**Q** 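Structure below; questions to follow.
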Amino acid sequence: MLRKKPADSRFGFANSPRMWYNKRETKTNTHTRIMSKQYNVAIVGLGGMGNWHREKIAEIENIKVKGSFDINPERQKFAVEKGLLAYDSFEAVLADPEIDIVTCATPNDSHKEIIIRALRAGKCAITEKPATLCSADLAEMDAVAKETGNLFTVHQNRRWDEDFLTVKRLFDTRELGEVFHLESRVHGSRGLPGGWRSLPEQGGGMVLDWGVHLFDQLLMMVPGKIKRVHATCTHITNELVDDGFTAHLEFENGVTALVDVSGNNFIFRSLPRWLVFGRDGTATLELWSKNGTMTRITNWDKKDAIPIRTAAGLTKTMAPRTDDTIKTDPLVYETPDVRDFYRNIMSTLEGKTEPAVKIPEVARVMRLMEAVFESDRKRQVVEFE
Ligand code: NAD
């Protein structure tokens, strides 16, 4: 039996009052043990990403998608084909006492209302990224989570990316020496997708679509404050929202980063997903593959260089190092499991851990994206934090 929720409870961390939530005790022969319950999810918005949630959750124990709601009748039909209960309204989702978790995968402008209503209905509420369109809206959503005591978190799934976690390891372990500069880049050649992604009122544009992932990753990796932001957005295929951007970040600890997103690069494979510059080495990781290498110095003292001859003159300074002073190795990639996002939600609901994606982290990324827009608008460096 689920125990009844105390009226004044607050969502919190391990050993918090929410330990009572969603637990069942079963007797075994010799001792009592706590069994995880089966969590029921309803997906609101069963489009591309909603369906991804459906597929992923199906692979995880103790959690299942009971049903979904989508305003598009085709997607309602699709839900039934996939064996889900197609709720005939969002109200019907909220009224179902069996639903523990509402996952919102609708266009960005609708997240706020859906999440607030789900929290008020007593559900754990997960929204797709970006959580919403601005930090003020996010603060409202967070206030409702705190008021109701229900868990609210954001699907920042790229925290589980193999390339990101590999770069984070290089950063943390100093395998390249101290990292002083990072470049995080995603380039494609299809411009901006149509539909809601190209409309400002629905939260379109690449800063909110891809920036939210790439900034989140950087902020999870580089410690300390960001002092300055300089960004420019592009409008090559779309006047109304940005179809790409570059953002230069300067951290308080001296680390600098370039975040670079474009939908208009027809030779995207020539540019890596990541470039990591350390004092004693450089790593490069390809986009959409697990090909990455790191080249490290083996002998700082050997200064010989075969000069590069160009029509305009000689350079020794920029001549490549000879092979006896450097060593290149393939990168060993981390092997994360993105399903841990939902496993973490269940553990958090059982009071065993903290949410992997915390709202203050999400709010910081939201403020950073606002600084990116401000820098672009003013054509200025923006002081941050
Ligand atoms: P989509 O257009 O494919 O799907 C959105 C679905 O929501 C559609 O089926 C639409 O009919 C439905 N919908 C719209 N308003 C609704 C409402 N009020 N109630 C119920 N259903 C509604 O879009 P998508 O690509 O699936 O993106 C959805 C969300 O997922 C966006 O916030 C997007 O940023 C995010 N997303 C995240 C990732 C990721 O890696 N985390 C990847 C893609 C998309």
Side-chain angles (χ1 to χ4, degrees), residues 41-57 65 67-82 84-94 99 102-118 121 123 125-134 137-138 141 153-164 186 188 190 192-217 220 241-242 261 263 273 288 336 338-342 345 356-357 361-362 365-366 369:
V41 181
I43 297 172
V44 181
L46 194 64
M49 202 56 196
N51 191 45
W52 185 94
H53 283 274
R54 182 188 69 78
E55 288 173 352
K56 279 293 146 201
I57 290 169
V65 179
S68 61
F69 168 65
D70 197 298
I71 52 170
N72 180 345
E74 289 299 313
R75 300 311 287 172
Q76 292 284 85
K77 222 171 96 193
F78 175 78
V80 175
E81 282 163 19
K82 293 295 172 188
L84 302 185
L85 171 62
Y87 292 92
D88 58 13
S89 65
F90 181 44
E91 288 70 25
V93 172
L94 299 182
I99 293 298
V102 170
T103 293
C104 171
T106 58
N108 301 340
D109 60 319
S110 50
H111 296 174
K112 179 181 165 187
E113 188 193 338
I114 290 168
I115 292 300
I116 287 179
R117 290 179 66 191
K123 313 296 186 193
I126 301 171
T127 184
E128 259 307 337
K129 51 49 60 174
T132 182
L133 306 190
C134 64
D137 283 356
L138 181 62
M141 296 154 88
T153 187
V154 182
H155 190 234
Q156 291 292 159
N157 50 327
R158 293 200 173 275
R159 289 190 187 184
W160 284 267
D161 276 1
E162 292 153 332
D163 56 49
F164 160 61
V186 175
R190 294 192 156 71
L192 198 65
W196 64 265
R197 277 187 169 80
S198 61
L199 301 172
E201 61 275 20
Q202 293 211 267
M206 283 294 186
V207 172
L208 287 171
D209 198 22
W210 271 97
V212 69
H213 283 305
L214 307 191
F215 292 129
D216 183 65
Q217 291 178 337
M220 295 309 293
V241 294
D242 66 285
V261 173
R273 167 73 183 86
W288 314 136
V338 72
R339 295 170 298 187
D340 285 345
F341 176 82
Y342 275 103
I345 301 275
V357 180
E361 297 160 353
V362 175
V365 172
M366 193 64 81
M369 293 192 294

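Reckoned from all heavy atoms, side chains included, excluding hydrogens, waters and symmetry mates. Remember, it's 1-based here, ligands and their atoms both numbered in the order they're listed. Model, not experiment: these values are computed from the prediction.
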**Q** At a 4.0 Å threshold, what atoms of ligand 1 neighbour a non-hydrogen atom of R75?
**A**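 In order of numbering, the contacting atoms are 9 (O).
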
**Q** For a 4.5 angstrom cut-off between non-hydrogen side-chain atoms, does D109 reach E201?
**A**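 Counting from C-beta outward, D109 and E201 never come under 4.5 Å.
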
**Q** What about M49: any of its N or O atoms under 3.5 Å from an N or O on ligand 1?
**A**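 For ligand 1, there is an N or O atom that lies under 3.5 Å from one belonging to M49.
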
**Q** In the protein, which heavy atom is nearest to atom 15 (N) of ligand 1, and how far is it?
**A**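 Answer, as residue, atom name and distance: I71 CD1, 3.4 Å.
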
**Q** Is it true that the NZ or CZ of R75 lies under 6.0 Å from the centre of F78's six-membered ring and within 45 degrees of the ring axis?
**A**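 Satisfied, under 6.0 Å and within 45°.
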
**Q** With heavy atoms only and a cut-off of under 4.0 Å, state how E74 meets ligand 1: side chain, backbone, both or neither.
**A**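 Contact part for E74 vs ligand 1: neither.
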
**Q** H155 heavy atoms, cut-off 4.0 Å: which ligand 1 atoms fall inside?
**A**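 Reading through ligand 1 atom by atom, the close ones are 41 (N).
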
**Q** Just to confirm my output: which protein heavy-atom neighbour is closest to atom 37 (C) of ligand 1, and how far is it?
**A**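 Of every protein heavy atom, E128 OE1, 3.0 Å lies nearest to atom 37 (C) of ligand 1.
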
**Q** For ligand 1, which part of V44 has a heavy atom less than 4.0 Å away: the side chain, the backbone, both, or neither?
**A**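 Looking at V44 and ligand 1, just side chain atoms fall under 4.0 Å.
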
**Q** Rounded to the nearest 0.5 Å, how far does CG of N157 lie from NZ of K129?
**A**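 Between K129 NZ and N157 CG, I get 8.0 Å after rounding to 0.5 Å.
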
**Q** Looking at G205, is its backbone amide N or carbonyl O close enough to the side chain of D242 to form a donor-acceptor pair, meaning the two atoms are under 3.5 Å apart?
**A**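 Here the side-chain-to-backbone pair does not exist.
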
**Q** What is the closest protein heavy atom to atom 40 (O) of ligand 1, and at what distance does it sit?
**A**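 Of the protein heavy atoms, N157 ND2, 3.0 Å lies nearest.
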
**Q** Students should be able to answer this: which protein heavy-atom is nearest to atom 34 (O) of ligand 1, and at what distance?
**A**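 So the nearest neighbour among protein heavy atoms is K129 O, 2.8 Å.
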
**Q** Surrounding CD of Q202 (heavy atoms of other residues, nucleotides or ligands, distance under 6.0 Å), is the total greater than 12?
**A**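 Above 12, so yes.
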
**Q** Does ligand 1 have a heavy atom under 4.0 Å from the side chain of Q156, from its backbone, from both, or from neither?
**A**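 Answer for Q156: neither.
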
**Q** Nearest heavy-atom pair of F164 and M220: which atoms, and what distance?
**A**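 In terms of heavy atoms, the two residues are closest at CZ-CB, 4.0 Å.
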
**Q** Considering distance alone, does some N or O of W196 sit under 3.5 Å from an N or O of ligand 1?
**A**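 By distance alone, the answer is yes.
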
**Q** Which heavy atom of the protein is the closest neighbour of atom 7 (O) of ligand 1, given with residue, atom name and distance?
**A**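 Nearest neighbour among protein heavy atoms for atom 7 (O) of ligand 1, to 0.1 Å: G45 CA, 3.5 Å.
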
**Q** Which atom names give the shortest non-hydrogen contact between S110 and P107, and what distance separates them?
**A**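 In terms of heavy atoms, the two residues are closest at OG-O, 2.7 Å.
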
**Q** Kindly indicate, with the supporting measurements, whether the criterion salt bridge (charged side-chain N to carboxylate O under 4.0 Å, His left out) is fulfilled by D216 and R159.
**A** CA-CA 8 Å; D216 183 65; R159 289 190 187 184; 2.8 Å; yes

**Q** Minimum heavy-atom separation for V102 and I99, please, with both atom names.
**A**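 Scanning both residues completely, I find the closest heavy atoms to be CG2-CG2, 4.1 Å.
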
**Q** For T153 and V357, indicate whether the former's side chain and the latter's backbone hold a donor-acceptor pair under 3.5 Å.
**A**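 Yes.
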
**Q** Give me the residue, atom name and distance of the protein heavy atom closest to atom 32 (O) of ligand 1.
**A**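 Looking at atom 32 (O) of ligand 1, the protein heavy atom closest to it is N108 OD1, 2.6 Å.
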
**Q** For G47, counting its heavy atoms only, list the atoms of ligand 1 lying under 4.0 Å from any of them.
**A**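 Within the 4.0 Å cut-off of G47, ligand 1 contributes 3 (O), 4 (O), 6 (C), 9 (O), 26 (O).
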
**Q** Starting from atom 44 (C) of ligand 1, what is the nearest protein heavy atom, named by residue and atom, and what distance separates them?
**A**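 For this ligand atom, the closest protein heavy atom is R197 NH2, 3.2 Å.
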
**Q** Return the minimal non-hydrogen interatomic distance between L84 and S68, and the atom names on each side.
**A**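 Smallest interatomic distance, heavy atoms only, reads CD1-OG, 3.9 Å.
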
**Q** Heavy atoms only: which of P73, S68, A105 is nearest to atom 28 (C) of ligand 1?
**A**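 Comparing heavy atoms across P73, S68, A105, the nearest one to atom 28 (C) of ligand 1 lies in A105.
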
**Q** Could you give the distance from NE2 (H53) to OH (Y342), rounded to the nearest 0.5 Å?
**A**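 Those atoms lie 4.5 Å apart.
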
**Q** Looking only at N/O atoms, are S110 and ligand 1 under 3.5 Å apart anywhere?
**A**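 In this structure, S110 places no N or O atom under 3.5 Å from an N or O of ligand 1.
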
**Q** Checking contacts here: is it the side chain or the backbone of D70 that comes within 4.0 Å of ligand 1, counting heavy atoms only? Could be both or neither.
**A**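 Contact part for D70 vs ligand 1: both backbone and side chain.
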
**Q** Among the heavy atoms of H111, does any lie under 4.0 Å from an atom of ligand 1?
**A**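 Yes, H111 has heavy atoms under 4.0 Å from ligand 1.
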
**Q** Please confirm whether the backbone N or O of D163 pairs with a side-chain atom of D161, one donor and one acceptor, at under 3.5 Å?
**A**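 Checking the backbone N and O of D163 against the side chain of D161, no donor-acceptor pair under 3.5 Å is found.
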
**Q** Counting non-hydrogen protein atoms only, what is the nearest one to atom 3 (O) of ligand 1? Give residue, atom name and distance.
**A**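 Result for atom 3 (O) of ligand 1: G48 N, 3.0 Å.
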
**Q** Contact between F90 and ligand 1, counting heavy atoms under 4.0 Å?
**A**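 Not so, F90 does not reach ligand 1.
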
